[in-house]
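For reference, the structure discussed in these notes is given below.
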Amino acid sequence: MGAGVQAETTPPAGAFTAEPLYNLSRIRTDNWHRLRDLARRLDRGVERPEEAARLDIACGDALATLGPLEPYFAFPGWRAHQRLGGFHANKQWHVLARQTIRLIRLISTGAFRRLDLLDLKIQGYADLLDLDEFTEDVYRKIGREKRPYFVTLVVDDLPPLQELELQNRFRGHRRPEDRFIYETIVVRSFEAALLAVLVNPAIQCVIPRFSFPFADPEAGPAVAGMLAMLGFDRDALAAGMPGERTLALGRVLSALRPELDLFLISDAPVEHVVGRHSAQYRRVFYNAEDYGDLHLSILKGVHERYDTPFFSALQRYSQKPTGVFHALPISRGKSIDRSIWMADLAEFYGPKVLQAETSATTGGLDSLLQPVGTIKQAQELAARAFGARRSYFVTNGTSTANKIVMQALMQPGDIVLLSHDCHKSHPYAVILAGAQPVYLGAYPLSEYSMYGGVPLAEIKRQLLGLKAAGKLDRVKLLLLTNITFDGITYDPLRIMEEVLAIKPEMVFLWDEAWFAYGRFAPTLRQRTAMDAARRLEQRLASPDYRAEYAAWRAEFDPSTAPDEALLAERLRPDPDRARVRVYATQSTHKTLTSLRQGSMIHVADQEIEARVQEVFDEAYLTHTSTSPNYQIVASLDAGRRQVELEGYELIRRSVQLAMTLRERIRADESLGRYFRVLGPGEMIPEGYRPSGLDAYFDTAHGWTPLEPAWGGDEFVLDPTRVTLEVGRTGLDGDQFKQLLMNQFDIQINKTSRNTVLFLVHIGMTRGAIAHLVTVLTKIAEQLDDRLAHASRAERTLHETRVRRLMDELPPLPDFSRFHPAFQDAQGSTTPEGDMRAAFYLAYNEAACEFVTLDAALSRQVAGGREVVCARFVTPYPPGFPVLVPGQVLTAEILDYLLALDVKEIHGYEPEHGLRVFTEAALARRMAAESVEQGRA
Ligand SMILES: Cc1ncc(COP(=O)(O)O)c(C=O)c1O
């Protein structure tokens, strides 16, 4: 193999950089399939020469598209691709077709992961891709191989021949007892390394070796947007010396995929390198003198993520023969084994579930209430995976997680700021803690009957009002839902910075019930609480920030600036006073793998050890069952393993599938008559989108990169949430949901008056997306048909229905106010209220009466009657409390409730009416309050 071979086998270059990153894997898969289909047709023979020429060109096109991508994959990889290129150039259609068919079968079944390329003797160039070597024997071996597979990326400016040698060296260290198998790929520059970890999710480990250049003409433009979004200055990175480059590569790789294991091979004396690089690199090897050691370190790193301390302990426990003289007769199926009436339960759940049912806290298991063993370890691993200081498992959903955090952080009388369209667990938690809410207004999307997020200006406005009233010391917590059900996503870093500038000790609770997956994609991660907390902590501690703060203060004095100036200015927290105190609650079960009710609390509170730990533990005990469900705990542990090893791949695929769904609906004119996918342009007012991004897909521009908007817009739309406007079908959201379920077995969760929401989660497949589009097409065709044959009267009825759903939507009401009976007796200028007092006053039957929601009440309210609600009133949809105890019913809220034609309104019983406080009860309370105040 001489120089000629080397020149011939250099990894190819080509253009793909115009595509958004999330789309590259789809492009790759599609082009492999295209290549196979074209080669097949050419192999079968094409009569017309022009047609043959066209197919030939198309084949070349597919190969050219795949060319720049394959160097980032171990299989088929660039060498195989190049060999196929040779078959194409020589018009060897039969070989080309046969080889691509085999390759695609290996890719699509995942069997390539179980190939032992060394075993296949694929070492030389000549028989590199001679898949005829796929004897029965090889297939049998593939079938037997069960070990998980991953890819190790080496960054080194190696000639191709040495690359092959390196790959075989790693392969040579494989042992039958290894828990995993891996292949190695090599990229030759800093930028190519970044692109590699972004396009190839199978990469679990990166090994920069010696020195390598920074720039890559192909990969560079593809990763530029991502680098900028993450706040890295490309020019500064490029200017670094080779030694600094490895350090910087570690930093950027950790920002892209923090779960990766990084090893460094250096030829500088190890003692010079270790200290400087140890932050990002697990270990530094000198000159790779010992590949055996490196091989074991690679496997160990992956094993640390694969390890599931509690799940494994539960499996071991379930296999032990234990006599149970404890609670839980169902444990090991004992209470039903011999029962002739319960066979179906055992049959349905299977023996394993029952074997794992136990209340033991010994024998390798642990207590969730005071973990010291395997649950403690599992929680520590979860903290690592989710980037938290501490993580806690919760076996009763985020509803409970919110109550735990609220109780730990709030005392009676403290003020909490929260969005008025929040999940009902928020006000319940407020009541239990005895705190007083200040409801923040989210921007309304009245035309779709839903809310967006709370603008930063609204948060600042309320805080400044509380400050002016001298109540800032009572304000303890800001609670926001990120992302909202509909996918509206905040910028937590920006919000926390500005809030800390006004109140340096503020604590933040981010309800991430719907955003547990956010951590595992670099774009989305920017907007998660834990990542924002980490960056904020780093920023506040950095000398650069001190200088920035000093320069800003020299120009702007927040203590004398009027409120308008404070609202307009980007406020900066004082680095000597601000503390980073951030909590996130996540329903793991909603978006990742966990049994129902599996949730987590993640903590990034600089004060946890000093101030919170004890009360947090107490709050945790208050709300946690003394019989927590171990199956849920085990599933949280295993779910953590999954995201640490394949979270990146799963989330990227979800994003890409969601984009496909958008594309298919937007591009199909027949669907456009009845359906419209709502993008950022519809769901986020322009003022909150300086990037100008209004659609993730449009037919003129194709798919749009996310990074510019996600880097700076006040609100962004989570791409995995696809809201579909359905009002033009004449069905409201709920009716459309029933139609999907009853006729097409498609289940969805949230609807609004004229929209339905599709969650493209990690369990979604391309097939499911295709099915959904087919179903929508069918519905559109049925509607076309029905309208084409409808009488005039029927058509008019349809048009009226559409108009009502699309144009006659009741304006969404803001939170009105608390009645003075539940506010400070001397008259409050700020909106907080004693919701707990109102909640308990409603226990007193004599203090309450019922009113019917009707036009008569509407007239009375318009005429000045003050009606004060005694309960939470939550219509479904939208599913948040429109009225809370102590809140004054306004004409707008009443109109809204009257216009809602939903069947389910929690807290409102049509036969009785709405429970409200009597005037006498309110007057008594006000009188008692002022006496109390007078005494004080
Ligand atoms: C924003 C928000 N927070 C909390 C919850 C409660 O979560 P869980 O069902 O895990 O108790 C939900 C449930 O829908 C929610 O939407």
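Since the structure is predicted, the reported quantities are computational estimates derived from the model, not experimental observations. Atoms within each ligand, like the ligands themselves, are counted from 1 in listed order.
Distance check: Asn482 CG to Arg527 CZ gives 8.5 Å after rounding to the nearest 0.5 Å. Once rounded to the nearest 0.5 Å, the distance linking CZ of Arg640 with CZ of Phe311 reads 11.5 Å. Atom-to-atom distance recorded for Arg915:CZ and Phe872:CZ is 14.0 Å, nearest 0.5 angstrom.
Using a 4.0 Å cut-off to heavy atoms of Ser587, the atoms of ligand 1 that qualify are 7 (O), 8 (P), 10 (O). Near Thr481, the atoms of ligand 1 lying under 4.0 angstrom from a non-hydrogen atom of the residue are 1 (C). Listed by atom number, the atoms of ligand 1 under 4.0 Å from Ser599 heavy atoms are 10 (O).
Nearest non-hydrogen protein atom to atom 14 (O) of ligand 1 is Lys590 NZ, 3.2 Å. Counting protein heavy atoms only, atom 3 (N) of ligand 1 is closest to Asp511 OD2, 2.6 Å. For atom 11 (O) of ligand 1, the nearest non-hydrogen atom of the protein is Ser399 OG, 2.6 Å. The protein heavy-atom contact nearest to atom 8 (P) of ligand 1 is Thr398 N, 3.3 Å. For atom 15 (C) of ligand 1, the nearest protein heavy atom (residue, atom name, distance) is His423 CD2, 3.4 Å.
Under a 3.5 Å cut-off, the side chain of Asp718 and the backbone N or O of Thr489 do not form any donor-acceptor pair.
Side-chain atoms of Gln407 and Thr622 include a donor-acceptor pair closer than 3.5 Å. No side-chain donor-acceptor contact under 3.5 Å links Thr481 and Thr484.
A heavy-atom separation below 4.0 Å is found between His589 and ligand 1.
The side chain of Trp514, and not its backbone, has at least one atom closer than 4.0 Å to an atom of ligand 1 (non-hydrogen atoms only; side chain from C-beta on).
The closest side-chain heavy-atom distance from Ile762 to Ile651 is below 4.5 Å.
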